[in-house]
Every structure is written in structure tokens, then in C-alpha cells.
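Quick notes on the structure that follows.
Indexing begins at 1, ligand by ligand and atom by atom, following the structure's order. Only this structure's heavy atoms are used, side chains among them; waters, hydrogens and symmetry mates stay out.
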Amino acid sequence: MGRRQKKSPEVHLNLNVRGLTESATLAINERCAALRAEGKEVFRLGLGQSPFPVPPGVVEALRANAHQKDYLPVRGLPQLRDAVAEYHRRRDGVDFTGEDILVGPGSKELMFLLQLVYYGDLVIPTPSWVSYAPQATIIGRQIRWVPTSLENGWRLTPEMLERLCREDPTRPRVVILNYPSNPTGATYTREELKGLARVAREYRVVLLSDEIYGEIHHQGRHVSVSRYYPEGTIVSSGLSKWCGAGGWRLGTFAFPRDLRWLLDAMAVAASETFTATSAPIQHAAVRAFEGGLRIEKYLTHSRRVLGTLGRAIARRMRQAGLEFPDPKGGFYLFPSFEPHRERLLARGIDSSVALCRTLLDETGVAILPGVEFGRPAEELTARIAYVDFDGAHALAFSDSVPASSELDRAFLETCCASVLRATDRLCEWVESGGAASS
Ligand code: GLU
């Protein structure tokens, strides 16, 4: 279980950090760019980058704040911390104040700092995002994997968490919950969240709830687990996914009062590392977190577009015999190719890495192997990020279709043709037993 590690001693000596390779999400992006530069046709379903532009009001705010040049407070611009707290009060119904917020250059950096200052195990359900475990490995924390199953929609259950905690009830732990999920697109119901919260409270675990895809729950019905375990949940968010601003690098953590000491410790580490998050970006982020009608409209159309596309490719992939839970939010699917195992094996495809490498070579479709998400190397699973389309065009199209109608095939063919083609290629490839398709 876990990430591939490079074995070559040469690489070990020269390049790696504790046996790790470069993050898979970033590596696939660079590989795709290189293939395109060689003139190859590549469908970029590897990196999970929002296809949508940053909302115009937020871009205007950045422009208006380009002159902001001073170092800001380590914990973040006070006005932004207040806006983030108000955002969580409004969205999640949890009583945060600006004092409970920590701003960082991406939530990824904040997750790293959390593990750096907290001496405890990191509990990661699998499949899960590619960087949680490598961060723990870099810092030297113990990782406890909790494998979930396709039958259960790749989700953590209270029983799984309880089983793990019962082994050593007082051990300090950070448990990661991420939903809508990267890499599966699945989410949790209120009852399921309550069950997880009950166990988390019983064993006093720190719950790191990575809700960065919460705003792009396809029905707009995301519920934060912090409602049910407010005293022990850190809610992670940021601009990267719902605001289309991954490259701006702005993430936020909202802490319960009982965990203020953790925020304080992270702020010390931040002061000695990144100092403070970029000033113009923080000023612009105030506009994003304040929300308002234009942002709501942007989110409504983002959800509609992603929901429509997610359902369409899910239908096509099920026809091809792939198995996965229904997409409920975000922009990922995590299909199992196991129903095709025999035919793929006959072609020498015996791991998720071989699966993705061959698929890319033979069809130009770039997706990421399940092993990068903590699944066993031989399991034939992979993540598809259905983001290779022009988000601005899709939002404008959606805006022209009344809310009472569905976005139909014409929308998909006009705005998301590349993702449809990539899905067809992938499906034809798998239906023909992994033979090259044109
Ligand atoms: N979260 C995105 C992904 O899973 C990319 C950002 C990253 O990994 O740093 O593809």
C-alpha cells in the first residue's frame, strides 16, 4: 500500500526527499506539456486544475491591489481572516471569528505545517489525494492507511475509524477527511458525517476536514463535518478549486477554539518559513470570500457544468464496464478497470502505473494511476480529472440556458468536446481490451 518509491541508488543519492518522487499531479502536467510540445495530441485529465476563470470581480480586486507591497501579518490580513470566518459562519453554520483563521500560500502548505507542529499519526483513508502521505513521510510522521472499498463508494465509515482508534485509544492522531473527494467525486450524507463525528469525538482525534471542493458539490449541498464535531475539526479551504485560482496559491484553515494552540504553533512555523502569504492575493481573496450575487451565479453555473459533464462521462464509462461511485461534487472520477483485468493482463498491464502509461502512449489520454492515491500497486484503478475544457465558454453557455432546463448534449458537444473525446477513446481502448484506437 502507498506510493511508489524510486529504487535506483543513483536517484536516491541525487534527487529524492526521503525516497519520494515529484508529486504525481505536477509531474503529469509537465509530461503532458512536453508531449504537446512534441506535437502529440494529449488529453489532459491528469492534473486537477479548475477549468473556470477566476470570477471577474476577484480579478478586478487583484488588479486594484497590485500596489500592495508590505509584508502582511503571519496569520493573514485581518480583513481576510474576518471574511473567511464570516464565510464559514454563513456556509457551514459554525461560529468562527477572524482569530480562528490561518491564511497560507495554498492549503497544501498549511497541511504540511500542521503535520510539522503536531506530533501524532496521520490517518489517511485510501484512495486519497496524492500529497497527504508524502508530506507525512517528509516530516517523518507515521502514516496509518485505512483502505476503503468500491462497494462502499470509497468512503470512510465510523466502524473503520473506530477499529483503528480502538487499537490505541489515547494515541494522538490527525484524521484526514476530504469530500467531495479527490480522487473519487464522492461525498458523505449528514448521517454519515454525524457517525464519523461521534467516533472522532470519542477518541479526541484532530479531524482535518479538507473541504476545498465543498463549493462545487454539484447540487450545492455540501455540509461541513465541523457542524457535528466543532471542537475538534479544522476546516481546510482556499481559492484553488471553487474560485478557479490554483495558481494564486491561497489556502485557509479554520480552527476551533480548543485547537488555538495548534494555530499558534503553525503561525510560528509559518513565520520562519513563508513569512506571510502574498499581499495582493490576500486583498483580492477578501472579495472572493465575501461572496455576493456575482460569485453565487458563478458557482451555480460551475456546479451545473461539472454535474452535467460528470454524469455524461460516468454514463459512458459505465457502458464500458468501468466501476465507480456516482460523481457528487468536484471534478474527479476514480474508475476501477478490474472488470477488464483478464484482458488487460493479457496485454501485460498488471498495475495501475502500466495501465496509465499504456493508455497515454496508445490514446493520448493522460490520467493518474490509483497507486498514487494510496491504493495497492496491482489494483487497476485510476483518477480522471474531467477538466480539459474551456471553462469560460462553458459558463457563458450555461448562463444562456434557463435554470428550468437541463444542459443537454449540444452543450456538452459545444463546450466539453475534448473531455467527451478523451472519454470515448479511453472507453474504446478498454472495450477492445487495451488495443490502440485512433
Ligand atoms: N489538487 C490538484 C490535484 O489533485 C492539484 C494540486 C496539487 O496537487 O498540488 O490534481
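- Between Tyr179 and Glu192, the side chains place no donor N or O within less than 3.5 Å of an acceptor N or O (distance only, hydrogens not considered).
- Take Tyr213 and apply the ring-ring contact (aromatic ring centres under 6.0 Å, His included) test, not counting sequence neighbours, and it matches Phe331, Tyr332.
- Applying the side-chain hydrogen bond (donor to acceptor under 3.5 Å, both in side chains) test to every pair with at least one member in residues 319-330, sequence neighbours left out, gives these pairs: Arg318-Asp326.
- For ligand 1, the 4.0 Å heavy-atom shell takes in Thr25, Leu47, Gly48, Lys108, Trp129, Asn182, Tyr213, Lys241, Tyr332, Arg383, ordered by chain and residue number.
- In terms of the ring-ring contact (aromatic ring centres under 6.0 Å, His included) criterion, residue partners of Phe411 (sequence neighbours excluded) are, by chain and number, Phe397.
- Under the 4.0 Å criterion applied to side-chain N and carboxylate O atoms, Glu290 and Arg287 are not assigned as salt-bridge partners.
- Counting only distance, with no hydrogens or angles, the side chain of Arg383 and the backbone of Gly46 share a donor-acceptor pair below 3.5 Å.
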